[in-house]
Amino acid sequence: MASTIDHERREEFRRNGFVILPKLADDDEIVWLREVYDRLFAQYATPGAENFYDIAGRRDGDRPLLPQIVEPEKYAPELPRSAHFARCRKIASTFLDIAEDDLEFYGHAIMKPPRYGAPTPWHQDEGYMDPKWSRRGLSIWTTLDDATVDSGCLHYLPGGHLGPVLPHRHIDDDDHVRGLMTDEVDGTAGVACPLAPGGAVVHDFRTPHYAGPNQTDQPRRAYVLVFMSAPVEVPDPEPRPWLRWA
Ligand code: NI
């Protein structure tokens with residue numbers, strides 16, 4: 001599997017804020033990643049467990065709508081020792097123009113369960129971040145299943161990373177819900193990025209993105225690696241009043 005990113009792809013990333021990598025993980029890696037993923041969800045995806053979140057539902061809800069395990073590498077230390085991880089870090093280093101050793105990282109595993117997985121409304125990942133600290137970064141989103149428009153593939157707003165962090169609010173205007181969304185994106189301008197298993201998309205911290213609900217009979221499992229620069233303190237941070245949870 002190639003981890004070399006050519007000049008054209010780098011320019012595309014700078015211009016659009018995202019790129020598609022149609023084959024980032026090979027078939028053996030996908031089989032292995034699915035095994036790790038399913039084991040983690042079987043063991044740790046229970047409401048109230050540390051590192052487990054339902055992005056779209058209330059923390060006290062009974063059925064998770066959009067279950068997610070943050071930092072799965074805590075429970076599966078083999079993840080960051082894999083060839084897939086090394087490839088992703090190299091790719092992140094190229095896109096961000098930051099040395100591999102200077103990149104911080106964490107993972108998350110996001111599942112859209114069959115038939116009832118909730119949509120992930122338009123948001124910018126930077127909308128979740130404390131404005132007192134500035135970082136450059138990106139996410140590499142590898143799908144372990146077919147990610148289609150019907151199963152909840154990602155949609156991006158091309159060039160949206162060149163603007164500001166948009167105003168966000170809590171999903172359902174309920175500050176018990178962890179997930180944030182913005183009303184400032186015209187969804188019709190979004191570009192859908194369907195992928196076969198092993199395919200990936202890379203997006204900048206500021207690129208607006210969306211994923212639909214999973215309307216298929218299959219789960220839509222995605223393994224995300226986030227790479228970023230060390231934080232730099234911002235002397236006069238902009239207000240992000242939505243960063244408050246009940
Ligand atoms: Ni996101």
Side-chain angles (χ1 to χ4, degrees), residues 13 16-21 24 37 51-57 64-72 88 91-92 95-96 104-113 117-131 133-145 147 149 151-172 177-187 189-195 199-214 220-229 240 242-243 245:
F13 185 73
N16 291 337
F18 70 94
V19 291
I20 299 172
L21 303 175
L24 180 66
Y37 195 103
N51 290 72
F52 175 73
Y53 299 98
D54 180 8
I55 304 178
L65 296 170
L66 195 48
Q68 152 161 233
I69 294 174
V70 181
E71 298 177 273
C88 287
I91 288 169
F95 279 133
L96 293 170
E104 298 179 16
F105 84 93
Y106 68 92
H108 47 159
I110 306 178
M111 154 100 86
K112 273 197 205 265
T120 314
W122 283 99
H123 69 280
Q124 294 161 300
D125 294 341
E126 207 176 345
Y128 283 82
M129 294 175 197
D130 183 344
W133 300 96
S134 136
R135 289 177 186 271
R136 292 199 302 119
L138 53 72
S139 291
I140 303 181
W141 192 98
T142 304
T143 187
L144 311 189
D145 299 295
V149 170
S151 74
C153 71
L154 284 187
H155 299 237
Y156 292 113
L157 183 69
H161 66 304
L162 301 172
V165 174
L166 300 166
H168 283 62
R169 62 186 178 87
H170 289 263
I171 294 172
D172 297 334
V177 176
R178 189 172 171 83
L180 300 172
M181 58 181 288
T182 180
D183 300 310
E184 308 285 318
V185 172
D186 170 12
V191 173
C193 297
L195 294 166
V201 280
V202 184
H203 65 258
D204 184 88
F205 273 175
R206 199 171 283 193
T207 308
H209 52 285
Y210 161 89
N214 184 359
R220 197 235 56 199
R221 294 166 290 188
Y223 175 49
V224 188
L225 279 167
V226 178
F227 292 94
M228 58 205 165
S229 62
R240 289 184 194 153
W242 54 85
L243 291 178
W245 283 268

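As the structure lists them, so they are numbered: ligands from 1, and atoms in each ligand from 1.
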Task: Plane angle bin for Y156 and H209 - parallel if under 30°, tilted between 30 and 60°, otherwise perpendicular - done: tilted
Task: With D186 via salt bridge (charged side-chain N to carboxylate O under 4.0 Å, His left out) - residues at least two apart - done: none
TODO: Tally every protein N/O/S atom whose distance to the Ni ion (ligand 1) is less than 2.8 Å; waters are neither shown nor counted.
DONE: 3
- [ ] Apply side chain to side chain donor-acceptor pair (under 3.5 Å) to R221 and list each qualifying residue two or more places apart in sequence or on a separate chain.
- [x] D38, D145
Task: Test item: N214 side-chain N/O and K112 main-chain N/O as donor-acceptor pair under 3.5 Å - done: yes
Open item on the list: If we ignore hydrogens and angles and just use 3.5 Å, is the side chain of R135 paired with the main-chain N or O of M228 as donor and acceptor?
Closed with: no
Open item on the list: Holding to side chain to side chain donor-acceptor pair (under 3.5 Å), I want the full list of residues that pass it with E184, two or more places apart in sequence or in another chain.
Closed with: none
